[in-house]
Novice: 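One structure coming up, written as structure tokens, with questions to follow.
Since the model is a prediction, treat every value here as computed from it, not as a measurement.
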Amino acid sequence: QVQLVESGGGLVQAGGSLRLSCAASGRTFSRYGMGWFRQAPGKEREFVGNIIWSSGIPNYADSVKGRFTISRDIAKNTVYLQMNSLKPEDTALYYCAAKRSRILTRTPRDYDYWGQGTQVTVSS
């Protein structure tokens, strides 16, 4: 059973930084892709970025490119989302997701496993 546990959310002022972690367990993830999504109240779940577990190659949504960085630590089975230059519009519940494929997409329904989410709130 795959489990994904996010942590690292919190309240930060605009311009600040946070690092989210997603601890993955229950599988060998070498053939998986990992995604980060977010959902603000009243809005649809939105793609933030993803990473191919084996190669470490990331992709980002245009709204976060240049500010957010996704990485993974194979030894720790953990994926990270480093968020810099945070803006109030980044406020959302952030989710980690896993996809049983190295072919990654930006569509939430394509992902097979989800964490419970961690709240990020950016004050102006």
Novice: Is it the case that the side chains of Arg100 and Tyr113 hold a donor-acceptor pair, with the cut-off being a distance below 3.5 Å and no angle test?
Specialist: yes
Novice: Go through it in stages, so that I can follow the logic: the residues are Val12 and Thr121, the test is side chain to side chain contact (heavy atoms under 4.5 Å, CB included), and I'd like the CA-CA distance, side-chain angles, deciding distance and then a yes or no.
Specialist: CA-CA 6 Å; Val12 64; Thr121 303; over 6 Å; no
Novice: Salt bridge or not between Lys65 and Asp62? Use side-chain N to carboxylate O under 4.0 Å.
Specialist: yes
Novice: Passes side chain to side chain contact (heavy atoms under 4.5 Å, CB included), Ser21 versus Glu6? Steps please.
Specialist: CA-CA 5 Å; Ser21 299; Glu6 302 98 332; over 6 Å; no
Novice: Cation-pi check, Arg45 to Tyr95: give yes when NZ or CZ is under 6.0 Å from the six-membered ring centre and within 45° of the ring axis, no otherwise.
Specialist: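 Yes, Arg45 lies over the aromatic ring of Tyr95.
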Novice: Does the ring of Tyr80 carry Arg19 above it, NZ/CZ under 6.0 angstrom from centre and within 45° of its axis?
Specialist: yes
Novice: Distance from Ile52 atom CD1 to Asn59 atom CG, nearest 0.5 Å?
Specialist: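 Going from the CD1 atom of Ile52 to the CG atom of Asn59 covers 7.0 Å.
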Novice: Please report the closest heavy-atom contact between Arg72 and Ile51, naming both atoms and the distance.
Specialist: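 Closest heavy-atom pair between Arg72 and Ile51: CD-CD1, 3.9 Å.
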Novice: For a 4.5 angstrom cut-off between non-hydrogen side-chain atoms, does Leu86 reach Gln13?
Specialist: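 Counting from C-beta outward, Leu86 and Gln13 never come under 4.5 Å.
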Novice: For a side chain to side chain contact (heavy atoms under 4.5 Å, CB included) check, start with the C-alpha distance between Lys99 and Asn50, then their side-chain angles and the critical distance, and finish with the verdict.
Specialist: CA-CA 10 Å; Lys99 186 174 185 290; Asn50 55 30; over 6 Å; no
Novice: Before you tell me yes or no, could you show the steps for Phe47 and Thr105 under side chain to side chain contact (heavy atoms under 4.5 Å, CB included), namely the whole-Å CA-CA distance, both residues' side-chain angles and the distance that decides it to 0.1 Å?
Specialist: CA-CA 9 Å; Phe47 170 77; Thr105 69; over 6 Å; no
Novice: Indicate the atoms forming the closest heavy-atom contact of Arg67 with Ser63, along with that distance.
Specialist: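 Shortest heavy-atom separation between Arg67 and Ser63 comes out as NH2-O, 3.0 Å.
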Novice: Is it possible for you to say whether Leu4 and Leu18 belong to one hydrophobic cluster, with membership spreading through side-chain heavy-atom contacts below 4.5 Å?
Specialist: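 Yes; tracing contacts between hydrophobic side chains, which count when under 4.5 Å, links both residues.
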Novice: Report the distance from atom CG of Asn77 to atom CE of Met34, rounding to the nearest 0.5 Å.
Specialist: 8.5 Å
Novice: Give a yes or no answer on whether the side chain of Ser55 reaches the backbone of Ile57 with a donor-acceptor pair at less than 3.5 Å.
Specialist: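 Yes: the side chain of Ser55 pairs with the backbone of Ile57.
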Novice: Assigning hydrophobic clusters by single linkage (Ile, Leu, Val, Met, Phe, Trp, Tyr; side-chain heavy-atom cutoff under 4.5 Å), is Leu104 placed with Phe29?
Specialist: no
Novice: Between Arg27 and Val2, what is the shortest heavy-atom contact and its length?
Specialist: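 Nearest heavy atoms, Arg27 then Val2: CG-CG2, 3.2 Å.
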Novice: Taking the side chain as everything from C-beta on, heavy atoms only, tell me whether Met83 gets closer than 4.5 Å to Val120.
Specialist: yes
Novice: Could you check whether any side-chain N or O of Ser85 sits under 3.5 Å from a backbone N or O of Gly15, counting only pairs where one atom can act as donor and the other as acceptor?
Specialist: no
Novice: Output yes when a side-chain donor or acceptor of Ser101 lies under 3.5 Å from a complementary backbone atom of Ile103, and no otherwise.
Specialist: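 Yes, because the side chain of Ser101 sits within donor-acceptor range (under 3.5 Å) of the backbone of Ile103.
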Novice: With rounding to the nearest 0.5 angstrom, report the CH2 to CD1 distance, Trp36 to Ile70.
Specialist: 8.5 Å
Novice: How many angstroms lie between CD in Glu46 and CD in Glu44, if you round to the nearest 0.5 Å?
Specialist: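 Interatomic distance, Glu46 CD to Glu44 CD, rounded to 0.5 Å: 10.0 Å.
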Novice: Assign the ring pair Phe37 / Trp114 to parallel, tilted or perpendicular, where the plane angle (0 to 90°) is split at 30° and 60°.
Specialist: tilted
Novice: Could you report the tightest heavy-atom contact between Ala92 and Arg38, atom names first, then the distance?
Specialist: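 Taking every non-hydrogen atom into account, CB-CB, 3.7 Å.
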Novice: Supply the atom-to-atom distance Ile74 CD1 to Ser54 OG, rounded to the nearest 0.5 angstrom.
Specialist: 8.0 Å
Novice: Are the aromatic rings of Trp53 and Tyr32 close, with centres under 6.0 Å apart?
Specialist: no
Novice: For Val64 versus Val48, what's the shortest heavy-atom pair and its separation?
Specialist: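 What the structure gives for the nearest pair is CG2-O, 3.4 Å.
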Novice: Specify the closest pair of heavy atoms between Ser17 and Gln82, including all atoms of both residues, with the distance to one decimal.
Specialist: CB-NE2, 4.0 Å
Novice: Decide yes or no on side-chain hydrogen bond (donor to acceptor under 3.5 Å, both in side chains) for Thr78 and Asp73, but give the supporting numbers first.
Specialist: CA-CA 5 Å; Thr78 300; Asp73 185 325; over 6 Å; no
